[in-house]
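First comes the structure, then the notes that go with it.
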Amino acid sequence: MVHWTAEEKQLITGVWGRVNVEECGAEALARLLIVYPWTQRFFDNFGNLSSPTAIIGNPKVRAHGKKVLTSFGEAVKNLDNLKGTYSKLSELHCEKLHVDPENFRLLGDILVVVLAAHFGKDFTPACQATWQKLVGLVAHALARKYH
Amino acid sequence: MVLSAADKSNVKTVFGKIGGHADEYGAEALERMFITYPQTKTYFPHFDLGKGSAQVKGHGKKVAGALVEAANHIDDLAGALSKLSDLHAQKLRVDPVNFKLLGQCFLVVVAAHNPSVLTPEVHASLDKFLCAVGTVLTAKYR
């Protein structure tokens, strides 16, 4: 059973309230594909991923980034039930999408860096710790139904 | 994993921008690491890890100094870090997984202080560099 302190919940909702989900999602996914290029293996049908510029400008990357981060918003709304929230998505990522859960951890780390770049000094160590905890738990919830 | 000419150039750009703040960044990266990944504190039972600790500042300076040195000798990381590599293998024996954790925190510090320098390409290069440094430091472990 995950435990969140009141401070952690504040740090999560406070940051999330100031995030532009579309922009942040697009940026996070683009950086994932650029920083860890092997993650491109899941996106053969996305068209041009041949350079950082191509990836950043790719409309499918933007759209998918927005989709992924929107789903992350569900975690923020359901901090006390991440397992339930991601149960179906976990099955999907295992059975249909065949995504190694390590990729969820990579995306989580990238998201934290994007938030740091966006919030600067406001992304305090306590804030980072809370968000690393959250992305780790989301990754764990997404991996939970794997078989 | 190989650092391309572009990677090397990007890394030098980052450290150029960081300039005299390297020591601060080193300390902040450690602070963030201890808070975010508490298991890393197990390597420092002899340290005061409280906020503003002089020992953490001092150690951050050492870590930053090593990264700057590595960046300045980026064509021969193994050579530049050879003594540190020996130290980590023979004496410190920090589990390899922890270098990734410190690397993540260093990236976060750079992002928080210099978002404009951390373009996606530079982010990739810096991540690769930090990875390479970790690899060198653990290369003689067994």
Side-chain angles (χ1 to χ4, degrees), chain A residues 5 7-8 11 15 23-24 26-40 49-58 61-62 65 102 105-137 139, chain B residues 1-4 6-7 10-11 14 17 21 24-25 27-41 49-53 56 60 97 99-132:
Chain A
T5 65
E7 194 205 353
E8 286 172 330
L11 288 170
V15 163
E23 284 307 320
C24 190
E27 170 135 23
L29 187 62
R31 282 181 186 254
L32 179 73
L33 299 173
I34 292 165
V35 177
Y36 308 115
W38 54 94
T39 57
Q40 292 170 25
L49 298 179
S50 60
S51 71
T53 311
I55 291 170
I56 293 163
N58 185 311
V61 171
R62 286 194 70 86
E102 179 59 22
R105 289 179 260 286
L106 292 179
L107 180 60
D109 278 354
I110 294 271
L111 178 60
V112 167
V113 174
V114 169
L115 292 175
H118 191 79
F119 290 100
K121 286 196 248 268
D122 286 352
F123 200 65
T124 60
C127 204
Q128 178 188 353
T130 301
W131 275 85
Q132 295 276 184
K133 177 178 170 179
L134 177 59
V135 301
L137 288 169
Chain B
M1 172 196 42
V2 171
L3 294 174
S4 68
D7 288 327
N10 286 337
V11 170
V14 171
K17 277 267 147 56
H21 293 283
E24 258 171 67
Y25 285 24
E28 187 178 332
L30 285 176
E31 184 197 357
R32 284 178 180 272
M33 186 185 70
F34 292 139
I35 291 171
T36 305
Y37 309 109
Q39 66 272 25
T40 57
K41 294 191 291 186
L49 297 177
K51 191 148 175 51
S53 156
V56 174
V97 72
F99 295 95
K100 265 179 120 179
L101 304 182
L102 181 57
Q104 169 71 359
C105 290
F106 191 78
L107 272 173
V108 166
V109 172
V110 173
H113 290 276
N114 289 282
S116 54
V117 88
L118 207 70
T119 63
E121 293 93 327
V122 170
H123 179 168
S125 299
L126 187 57
D127 191 86
K128 278 173 82 173
F129 169 73
L130 293 168
C131 210

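We name chains A, B, ... by the order of the sequence lines, and we start the count at 1 in each one. Not measured: the values here are computed from a predicted model.
- Per-residue heavy-atom pair counts under 4.5 Å with chain B were compared for A:Thr130, A:Asp122, A:Thr53, A:Thr124, and the maximum is reached by A:Thr124.
- Counting heavy-atom pairs closer than 4.5 Å to chain A, the top-ranked of the candidates B:Leu118, B:Leu107, B:Leu126 is B:Leu118.
- Residue contact with chain A, scored on non-hydrogen atoms closer than 4.5 Å, involves the side chain of B:Tyr37 exclusively.
- Neither the backbone nor the side chain of B:Ser125 has a heavy atom closer than 4.5 Å to any heavy atom of chain A.
- Between B:Pro120 and A:Ile56, the closest side-chain pair of non-hydrogen atoms falls below 4.5 Å.
- With a threshold of 4.5 angstrom between heavy atoms, B:Lys100 approaches chain A through side-chain atoms but not through N, CA, C or O.
- Using a 4.5 Å heavy-atom threshold, the side chains of A:Tyr36 and B:Asp127 count as touching.
- In this view, B:Phe129 and B:Phe15 satisfy the ring-ring contact (aromatic ring centres under 6.0 Å, His included) rule, not counting sequence neighbours.
- With a 4.5 Å cut-off on side-chain heavy atoms, A:Val113 and B:Gln104 count as touching.
- Here CD1 of A:Ile55 is found 9.0 Å from CD of B:Glu121. Values are rounded to the nearest 0.5 Å.
- Taking CE of B:Met33 as the start and CD of A:Gln132 as the end, the distance is 12.5 Å to the nearest 0.5 Å.
- Both the backbone and the side chain of A:Phe123 come within contact range of chain B, each with at least one heavy atom under 4.5 Å from a heavy atom of that chain.
- In this structure, the side chains of B:Thr36 and A:Lys133 stay at 4.5 Å or more apart for every pair of heavy atoms.
- Residues satisfying the ring-ring contact (aromatic ring centres under 6.0 Å, His included) criterion with B:His113, sequence neighbours excluded, are B:Tyr25.
- When all heavy atoms are compared, the tightest approach of B:Pro115 to A:Ala117 is CB-O, 3.4 Å.
- In this structure, B:His123 and A:Ile34 have side chains that are not in contact, with every pair of non-hydrogen atoms separated by 4.5 Å or more.
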